[in-house]
Structures are given as C-alpha cells and as structure tokens.
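Proteins get letters first, then strands, A, B, ... in listed order; numbering begins at 1 in each. Atoms considered below: every heavy atom in the structure, side chains included; atoms not considered: hydrogens, waters and symmetry mates.
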Amino acid sequence: MNPAPSVIIFTVLSGMGLGYLALLATAHDYSGMAAFWHWAFGYALATIGLMASAFHLGNPQRALLAFTQWRTSWLSREAWGAVLTLLAFAPLALSDWLGLGLPRGFGWLGAGLALATVLATGMIYAQIRAVPRWHHWTVPLLFLGFAVAGGCLLAGFRWPALAALVVLGGAMVLHWRIGDGAFARAGSTMASATGLGRPGAVTVFEPAHTAGNYLLREMIHVVGRRHAAKLRAIALGLGAVLPALALLVLPGVAAFGVALVLHLLGALAQRWLFFAEAEHVVGLYYGARGA
Amino acid sequence: MTCLPGKTDKALGLVIDLDTCVGCQACVTACKGWNDQGYGVPLSDQNPYGSKPSGTFLNRVHSYQVQAEPAPMIVNFPRSCLHCADAPCVTVCPTGASYKRAEDGIVLVNEEACIGCGLCAWACPYGARELDADAGVMKKCTLCVDRIYNENLPEEDREPACVRTCPTGARHFGDLADPTSAVSQLVAARGGYDLMPEQGTRPTNKYLPPRKKDRPDQASLLAPLLDIQATGFAGWLDRILGKI
C-alpha cells in the first residue's frame, strides 16, 4: 500500500496526542499556565494529526459528510470519536487552567473516548480483508501501544512508559510475525483471483495496460518490502528498545527528551513500513505478489 | 446509507465468457467512451500523449497464460466491478457516497458526497475502483445505469456499453437473481464461477471458464510435414552421427 505522508503523520501524531491528553486528564493535575501549556500541546498534537488526514482527500471541502455513516464505517466512527474526545476534555482543560475545581474523575470519560478513537483508527485498517497483513487484531493493539507509550513519554511517567514500551515492542514483533504468513493464510492466489487455476498454473502473459494507474500507485507499492528487515530493526530499535534504555540509563528530564525523539522517529519508521509492506490482493491480477 | 440492503429485488450483473473473449479491448474503449459523457464526472486522463500517460478506466482486460492440459492457452480476462452482494467497498464509506441499490443491486457512487478518501478502493479485492485524479472522486462501473433504463435509447441499446460493443458476444447482461433468466441459465450450463470467493464478497458477476481445447495430435495438422528426412550429404552425416 502507498505510504502517504499525510496518513503517516495523521496516525502517529493523533495517536500520541490522544494518549497524552488521556494521561493529562487522569493522572496529572497541572494548574494555572502550566496546565494551559500542557493541554494546549496535547490538543495541538491531536489536532495537527487529525488535520493532516484531510490532506489525502480528493475533496476535503465535503469532509463533514464523514460524520454520517457511523453505523458501518470505522472511518466515520473515528471522526466522531476524535471530535467527542476533544470536546469531552475541554471542561477539564479549562478547569485546570482557570482553577475551577472540576473533579479529576471527570477525565475518565475523555480518556475512554480517546482510547476508543485510537482503536477506531486501527480498525480502519484492520477491517480491510483485501489486505491480509492488516486484517488482524494486532493492528488496533499496535496503534493503542503507540498511543499509550507516546503519551507516557510525553507525560513523564518513567515506569509506566517503560512498561508501555515493552508491550509496544512485543506488539510490533507479534504484528510482523503474524503478518508475514497472513497473505498465504487468506488463501487468495492468482488461481482464485482469475478462477483459471483448475485448467492449470496461471502466469501473466500481458498486462492490462503498459503505463501506470491508480491501482499500481495506491495498492501495488513495492519499494517498502525490499528493505523491510532493516526498517523493522529501525522501528523496533528507535520505537521501543532505545527509548526504554534511555529511560533506564539517563537521568531526569534528559531521559524523556531523548526517549521521546527516538520514539517518534521509530513510530514514523514503523508506520511507513506498516503501509509500504502491506500487500493488497489486487496485486494478484498484475502478478505482483511477493515482488 | 452504507448499510447493505439485506436482499435486492434483482441482481443485475455481467456474465463474462473467457472462452469467447479475444482480448480486443473494444469493451475498454466503449466503457471509457460512454462514461466520458454519461453518469458523473468524465473519466480523466493525465498526460495522455506524453511519456507517462495515466488515466481512469472502469474496465481493464488482462491476459494470462495458463498451463492447461493437454495444451497451454492464453486467456483474456476483462476485470471490472462485480456488484457484490456483500460489497466491502460500501460499508467502509464514511460519507454514504457508496451505496448498493435495493431495487437492482447495482453498486454506485454518489459523486456529490464523495470526499475521495480512497478507503473503498482499498476495501475492494478486485481493483474495481479508481480515484479520478482530476475530479478527486471515486469512479467505478455503474453497469451503465444511464443506458439500461434509458427510454431515449432504442431497445437494443439498453444494455451496458461493454456488452453492446463486444464483437464476439463474450459479455452478457441480465438478472442473476432470476434463475430463469438467460444469464442464469448460461452460468448453470457452463459452470460460471465467482472471483476470489474466499474474500467473502459474494460477487454478482460470473465468469465462464474456457472450454477444453482439442488434443495436440488433432490440433497439429502440420505434424507429418514437420518430420523432415535429410537426404544426400546431410543424410549421410545424419546416419554416421547417429551411429557414433
């Protein structure tokens, strides 16, 4: 699949921002201007991420229509989740800033909505059966892992962050291990795609078109798979292992700064690979499996 | 609404005969031609006469080589929307632009409501949807909904452009929910099948498999002529070399 920068920025930043907001609402109680800047930073991350998603739309001026189909569409549910979450946090953010004294318990509603939104983001991909690598519960798990780990690093919780990074590392490896056999397990082959398997082995004789098209650009992207092993090492190292080591070895605030930068780079690498190495079954019509 | 209708009154669709298709691409051209002026925005091309041409098509014809017994064959394979009963492209749509009609089962895109997110194209296993690069909306086969019910057209033209134009009669149009229809009987008689049934989409369109070809000894009328006997010096050399 095509690793579009707008979608990578959207999923990485909105996940991290929502994770951070959830912790601000439940585990922290900043007050005054400190509260203002922390909440503003969390809102900015989540909002920039969500805005980025609009950049890959062909007709973003109609984006409000995306709120209408929550009954069936995970993308629509994600849109609702994002807006409701940001609204649900607003009273608490104002209360922290202006000292209105709203009880902390109020934050759990927003935190629940934030996690549900990240889950919905993961489900946008996990629901797609035509991309076997994505059609699995490890995808929402991975997205939740990144949101919680990134949120803990931003919030400055050393031990929860360490625990989250360990879980995240495990989720990444699990996602790759299960994903590697997913295409074969899905059972789609050139034989089933063309139905010509019964007469005999099928190969491409001539492509349907000699130039590129939307399908080849969007769904039959092969660059990522060539360097998949290296990118996995980079994603795992930067995303989980090195930030965890930084938290254990470095002192004080410096540890979180270093860990956060490494983690963000790792998250971007992981997300790029998440799209780039996912194979769509339509590639079978082009003989493009396993390129 | 992007909920699928539980049951449609009709299941209009195509039956494509892989035995008859000669891969002439006439259906591709007719489809592009009709849909440049019919339902929704025209199918655009980018850089059509340049070094890297690209464009939106709703129907594409592939060619496969099949190592069939007793003789290998080339199979031309038109690929377009299958108007699935369980269309995954419809349920993922966040805006309601994609829908399946309850009356005839045609899967359509309301371009006025399409935001061009491309999720439906990702959800389709068959590559039936292409995002138009000019208009930024999703294009797909409409089963020529603006022809098949069009009373301004002569009766014989009220079928999809690809079917109307096919010079070999490899494409058939009709109601696949009606077991007595010509297309349903064709499917029953020829063993019509679904593409990628494991994807759980329950396609309406069916493909008819290529018929078995003649055996090679019947097919090759030239075989006796190919058994060339060398004479003269070449014949002598042939005999000598054969003995060594």
Side-chain angles (χ1 to χ4, degrees), chain A residues 1 53 56-63 65-79 124-125 127-131 186-188 190 192-209 211-215 217-219 280-287, chain B residues 1-3 18 23 52-57 60-69 72-75 77 79 88 90-97 112-119 121-127 130-133 135-138 193-200 207 209-210:
Chain A
M1 307 298 281
S53 70
H56 87 287
L57 299 182
N59 281 284
Q61 75 279 8
R62 302 176 188 142
L65 285 169
F67 288 93
T68 59
Q69 305 302 313
W70 49 272
R71 282 194 198 85
T72 65
S73 168
W74 280 103
L75 182 49
S76 190
R77 288 170 197 163
E78 201 263 351
I124 293 173
Y125 305 104
Q127 72 180 333
I128 297 177
R129 195 168 174 174
V131 183
S188 291
M190 278 184 83
S192 77
T194 60
L196 296 170
R198 204 180 310 160
V202 186
T203 49
V204 171
F205 175 67
E206 195 177 42
H209 42 96
N213 74 344
Y214 175 75
L215 300 175
R217 286 190 297 272
E218 190 70 13
M219 281 166 275
H280 195 288
V281 294
V282 73
L284 294 167
Y285 288 107
Y286 289 86
Chain B
M1 213 5 141
T2 51
C3 299
L18 298 179
K52 278 192 173 175
S54 181
T56 315
F57 287 77
R60 300 197 183 251
V61 179
H62 297 252
S63 281
Y64 298 106
Q65 177 173 291
V66 182
Q67 297 300 324
E69 287 298 326
M73 57 185 167
I74 299 293
V75 177
F77 186 93
R79 177 177 57 81
V90 169
T91 50
V92 299
C93 176
T95 68
E112 302 286 297
C114 175
I115 57 174
C117 68
L119 193 57
W122 287 11
C124 172
Y126 309 105
E130 299 189 16
L131 190 77
D132 190 88
V137 295
M138 197 54 73
Y193 59 82
D194 291 346
L195 303 185
M196 285 200 253
E198 70 281 358
Q199 287 282 331
Y207 283 73

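With hydrogens and angles ignored, the 3.5 Å screen pairs no side-chain donor or acceptor of Asn59(A) with any backbone N or O of Gly116(B). At distances below 3.5 Å, not a single donor-acceptor pair connects side-chain atoms of Ser192(A) with backbone N or O atoms of Met196(B). Formation of a donor-acceptor pair under 3.5 Å by the His62(B) side chain with backbone atoms of Val204(A) is not found in this model.
In this structure, the side chains of Gln127(A) and Val92(B) come closer than 4.5 Å at one or more pairs of heavy atoms. Tyr285(A) has its side chain within reach of Leu195(B): a pair of non-hydrogen atoms, C-beta onward, lies under 4.5 Å apart. When side chains are defined from C-beta on, Glu198(B) does not count as touching Val281(A), because their heavy atoms never get closer than 4.5 Å. Within the 4.5 Å cutoff, side-chain heavy atoms of Leu196(A) are placed close to those of Leu18(B).
Contacts of Leu65(A) with chain B are made by both backbone and side-chain atoms, with heavy-atom separations under 4.5 Å. Contact of Ile74(B) with chain A is made through the side chain alone, with heavy-atom distances under 4.5 Å. Both the backbone and the side chain of Tyr64(B) come within contact range of chain A, with heavy atoms under 4.5 Å apart. Contacts between Leu57(A) and chain B at a heavy-atom distance below 4.5 Å involve backbone atoms as well as side-chain atoms. The parts of Gln199(B) that come within reach of chain A are both its backbone and its side chain, each placing non-hydrogen atoms under 4.5 angstrom from that chain. With a 4.5 Å cut-off on non-hydrogen atoms, Tyr193(B) touches chain A through its side chain but not through its backbone. Contacts of Pro72(B) with chain A are absent, with no heavy-atom separation under 4.5 Å from either backbone or side chain. Using a 4.5 Å cut-off between heavy atoms, Pro88(B) does not touch chain A at all. In this structure, chain A has a heavy atom under 4.5 Å from the side chain of Val75(B), while its backbone stays farther away. Contacts between His56(A) and chain B at a heavy-atom distance below 4.5 Å involve backbone atoms as well as side-chain atoms. Only the backbone of Cys93(B) comes within less than 4.5 Å of a heavy atom in chain A; its side chain stays farther off.
Here the closest non-hydrogen pair linking Gly212(A) and Ser54(B) is O-OG, 3.4 Å. Shown here for Pro199(A) and Met73(B), the closest heavy-atom pair between the two residues is CB-CE, 3.9 Å. Counting all heavy atoms, side chain and backbone alike, Gly200(B) lies closest to Arg129(A) at CA-NH1, 3.9 Å. The shortest non-hydrogen separation linking Ile115(B) to Ala66(A) is CD1-CB, 4.2 Å. The heavy-atom pair separating Ala123(B) from Ile128(A) by the smallest distance is CA-CG2, 4.1 Å. When all heavy atoms are compared, the tightest approach of Pro53(B) to Ala211(A) is O-CB, 2.9 Å.
For Asp132(B), the side chain to side chain contact (heavy atoms under 4.5 Å, CB included) partners are Ser44(B), Thr56(B), Asp134(B), Ala135(B), Lys139(B), not counting sequence neighbours.
Note on residues 197-209 of chain A: pairs passing side-chain hydrogen bond (donor to acceptor under 3.5 Å, both in side chains), not counting sequence neighbours, are His209(A)-Asn213(A), His209(A)-Tyr286(A).
Between chain A and the residues Val61(B), Asp194(B), Leu131(B), the most heavy-atom pairs under 4.5 angstrom are made by Leu131(B). Among Ala113(B), Gly23(B), Pro209(B), the residue making the largest number of heavy-atom pairs under 4.5 Å with chain A is Ala113(B). Annotation: maximal heavy-atom pairing with chain A below 4.5 Å, among Glu112(B), Met138(B), Lys52(B), Glu69(B), occurs at Glu112(B). Between chain A and the residues Pro125(B), Ala121(B), Cys124(B), the most heavy-atom pairs under 4.5 angstrom are made by Pro125(B).
Within the model, atoms CG of Leu75(A) and OG1 of Thr95(B) stand 9.0 Å from one another, a figure rounded to the nearest 0.5 Å. Distance check: Ile124(A) CD1 to Trp122(B) CH2 gives 9.0 Å after rounding to the nearest 0.5 Å. Atoms OG1 and CH2, on Thr91(B) and Trp74(A) in that order, are 12.0 Å from each other to the nearest 0.5 Å.
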